Structures are given as structure tokens and as C-alpha cells.
Amino acid sequence: MWKNRNVWIILTGEFVAGLGLWLGIIGNLEFMQEKVPSDFVKALILAGGLLAGVAIGPLAGRLTDQGSKKKIMLISSVVRALSVLFMFVAIETGSVLWMVVFLVFLQGSAAFYFPALQAAIPLIVKERELLALNGIHMNVSTLSRVIGTAIAGILLTLISLRDVYALSLVAYFLLAVATWFLKIDETAVPSAKKVDKSSGGFKDVFPIIKSIPVIFMTLVMTLIPLLFIGGFNLLVINISELQDSTAIKGWIYTAEGIAFMAGAFLIKRIGEKFSVFSILFTFSFLIGVAQLMLYFADIPAVSIAAFVLFGFSVGCFFPTAVTIFQTRMPKDYHGRFFSFRNMLDRIVFQIVLLVTGFFLDLIGLQLMVVLFGISSILMTGAFLVYTRKHELHIEKEEAERLSS
């Protein structure tokens, strides 16, 4: 795998783009803290950009299956870079509205880029290398987040917010340059060209999701981590205010990122000893425990420990889930499936973001995390019961896959 030129291009592009992304995210938080006092309004602003991704999700999936995945990744990378220009206008005018426009274009381009990327990865490596590459890819993404947030925190004390976004713009253009050098053999998906252009995009995917229990169950399970991730940035802001410490933001992002990388690094070994469902249910339960721990968010050590537990859990959870999707879903449906999953994540993310902002204003951080933690644990238990009731179907699907 390490001799594969495409692997290095994707990982390098992910790292550079990740730096740009997190420079922008920290910049967004800084801008909103200055302009927007309400947590709920902050949530509304962040959710505004997600609507664009949801709206064009079906189109993105259909085009990914019809056309060149490399071309879609390249164009969306350029659009992502150009979207930063709107943030320059927002800074100059002090207008939150221009920030919303920036987020709309940013999230819209991401709605095309990420399904195309997930559909392209199985085309550049062998199936037995997918779990390792997914783990490494997520580690690179997390490493860029850790470094990006640290650099952003330092840069905001040294240079202007506009210059921070200028660096983000450069990073996105470098991603486009890296994507240009990809060489993907898409003849491995011959039926992709036969996608009906009049199709709504997702209607052909739903029967397949229902017919393969492991895909359906994993898709449902991925909603649990989103209950934490959706309000992640708002949680960090509130913990910082609760502890009256700006430094805790950096510690939380760093600790969670390192824990995520540890989980993604160890998942291949864990996957050799435990079934995918044992992994999904165990770490889904631990995510709920991490949420409950934030009841003591006023204690720095406990709040950091909660994010460490969460980071390690999702570091094991997501590479396993993505590998299941890439190996069990037929390749000629990858574009539409990953676009559907991306759209579903955005809808849930948006709902959780709004609910988090509302509850933070209404009942406060500590009561909210108890409510979310109990909900995550109860949902995990309900899904476990569902899985055991359909155990014969899951075993049959697994046996058929292995025999083929």
C-alpha cells in the first residue's frame, strides 16, 4: 500500500486541506464570539451552511456515480478555496450574513468532495488494505486538526483574522493541486456510466440498504457519535466559559485528537480479535459514558478525560463503519450511497447543533450532557436488542459474503 502513489497523494492532500479547514474553523469561532452572544444563534449560523450540503446531496451522489470521481474532487476543491473570499468580505464588513454565504459554499463543495473521495478510495487499494487505509486517512485528518487548531490559536495572537483565512485559502488550493495528480482506474466500475440521468439519486440505493442488514445496522449506529459531534464546538466554547479558561480549548482539541489517532491506529489489531458489531456497540456505549462524564465539566482533568474517551471511541468506531460500507455496498452505488450518508449526517448534525444550542441556553451544559449521555446509552441498548433479534439474517449475509 505504501508504494501506491495515489495513497500518498490522498493522504498529503487530506493533511494540507485539514490544516486549512481547522484554521478556518477556529477563525469561525473567533469571529462568532466577537459578533454573536447567543449559543442558539451561533448554532443557527453553523447550521445554515449545512442546508446547502443537504439540498444538493442527491445531485452530488448521482454525478459521482455517473462521472469521474477525480474531476468532481478537483472542482469541489477549487470551489472550496474560492469560498474563503466571502469570509474576507465578512471580516471587512463585520457582517455575519457574509459568513453564512461562506459556509453555504464551503459545505456545498464538501457535499461533492467527500462522497467522491469515499468512492475513490476502494478503487486505489485492495479490499484487505481498506481498514488500514481508512484508519490512516482518519489519523492524518486528526493530526491536521490537532496541528491546525494549535497553529490557529498561536496565529490569532500574532496575525490578523484575515491572514488566518488567507492561509486557509492557500491550503485549499494545494489540495486541488494534489488532486490533479491522482490516477484512478474507474473502469473497475463499469455500470457507473449507466446511472439513469433522470434518477432522483437515492431511490435505487434504499432497497440495497434494506436488503443488506449489516449496512442498515451500521448506518443507524453512526447516528450515535453525531449526538456528541454535532455540538462539539459549542461544548468546547461552554467548557471554556465554565472554567474561565481560553487555554482549555486547545487542551481539549489536542487531547481528543491524540486519542482519536490512537484509536484509529489500533483499530486494525482490535478488528482482528473482535467482530465489527462488538466494536460498534462497545464504543457506542463508551461515547455515552464520555457524555455523562461532562457533568463534571467544571473540573479540567475530568473534561479532558471525557474528550479522550470520546476521541479513542470514535477513532475505533468510524474506520470500522466506513470499511463496512466500502466493502459491502456494491461499487456502482458508492457515489449515491456515500452522498446519502453524507446528507444524513448533515441533517442529523444540523438537528443536534440546533438542539445543543437551544439546551445550552435553556438548561445549561451539565444537565444537557446527562440527557445526551443517557440517550446514547439507551439507543445503543435498543440497537443491540434489534441486532440480536435479526442475528440469523446478519450471520447469513456474512456467510454469503465470505463464501463469495
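Predicted model, so just to flag it, every value in this text is computed and none were measured. Computation of the quantities below employed the complete heavy-atom set of this structure, encompassing side-chain atoms and omitting hydrogens, waters and symmetry-equivalent molecules.
Side-chain contact between Phe260 and Phe265 is absent, with no heavy atoms from C-beta onward closer than 4.5 Å. The closest side-chain heavy-atom distance from Phe312 to Cys316 is below 4.5 Å. Side-chain contact between Arg162 and Glu92: present, with at least one pair of heavy atoms (C-beta onward) separated by less than 4.5 Å. At least one side-chain heavy atom of Ile10 sits under 4.5 Å from a side-chain heavy atom of Leu117. In this structure the side chain of Met368 reaches within 4.5 angstrom of the side chain of Leu235, judged on heavy atoms.
A distance-only check finds no donor-acceptor pair linking the side chain of Lys69 to the backbone of Ala116 [under 3.5 Å]. Formation of a donor-acceptor pair under 3.5 Å by the Arg80 side chain with backbone atoms of Leu175 is not found in this model. The backbone N or O of Gly288 lies less than 3.5 Å from no partner atom in the side chain of Ser376, so there is not a single donor-acceptor pair. Side-chain atoms of Thr12 never come within 3.5 Å of backbone atoms of Ile9 as a donor-acceptor pair (strictly under, hydrogens ignored).
Pairing each heavy atom of Val352 with each of Leu227, the nearest pair is CG1-O, 3.5 Å. The heavy-atom pair separating Leu169 from Ala81 by the smallest distance is CD1-O, 2.8 Å. Nearest heavy-atom pair across Thr282 and Ser278 is OG1-O, 2.7 Å. Shown here for Ser76 and Tyr113, the closest heavy-atom pair between the two residues is OG-CB, 3.3 Å. Met293 approaches Leu309 most closely through the heavy-atom pair SD-CD2, 3.9 Å. When all heavy atoms are compared, the tightest approach of Leu23 to Val164 is O-CG1, 3.6 Å.
With a 6.0 Å radius and a threshold of 12 heavy atoms from other residues, nucleotides or ligands, Phe358 has its CZ atom at or below the threshold.
The CD1 atom of Ile351 sits 10.5 Å away from the CG atom of Leu226 when rounded to the nearest 0.5 Å. To the nearest 0.5 Å, the span separating CZ on Phe112 from CD on Gln107 amounts to 13.5 Å. Rounding to the nearest 0.5 angstrom, the gap separating the OG1 atom in Thr93 from the CZ atom in Phe88 is 13.0 Å. Atoms CD1 and CD, from Ile304 and Glu256 in turn, are 12.5 Å apart once rounded to the nearest 0.5 Å. To the nearest 0.5 Å, the span separating CH2 on Trp251 from OG on Ser240 amounts to 14.5 Å. For the atom pair CG of Leu294 and CG of Asn238, the computed distance is 11.0 Å after rounding to the nearest 0.5 Å.
For the side chain to side chain contact (heavy atoms under 4.5 Å, CB included) with Leu280, the lone residue among Thr222, Thr380, Leu384, Thr218 that qualifies is Thr218.
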Next on the checklist: Between Ile229 and Phe318, is the side chain to side chain contact (heavy atoms under 4.5 Å, CB included) condition met? List the steps.
Outcome noted: CA-CA 12 Å; Ile229 296 171; Phe318 280 126; 3.7 Å; yes

Checklist entry - What's the verdict on side chain to side chain contact (heavy atoms under 4.5 Å, CB included) for Phe359 and Leu354, showing C-alpha distance, side-chain angles and the deciding distance? => result CA-CA 9 Å; Phe359 278 139; Leu354 294 173; over 6 Å; no

Checklist entry - Hey, mind stepping through Phe317 and Phe281 against side chain to side chain contact (heavy atoms under 4.5 Å, CB included) and telling me if it holds? => result CA-CA 9 Å; Phe317 185 100; Phe281 284 114; over 6 Å; no

Next on the checklist: As a quick check of understanding, evaluate side chain to side chain contact (heavy atoms under 4.5 Å, CB included) for Leu219 and Ile209, giving each step before the final call.
Outcome noted: CA-CA 9 Å; Leu219 189 63; Ile209 293 175; 4.2 Å; yes

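Side-chain atoms of Gln243 and Ser303 form a donor-acceptor pair, as typed in the model, at a separation below 3.5 Å.
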For a quick test of your reading: what N or O donor-acceptor pairs under 3.5 Å do the side chains of residues 98-105 make, sequence neighbours left out?
none

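In this structure, Phe228 has its ring center closer than 6.0 angstrom to the ring center of Phe307.
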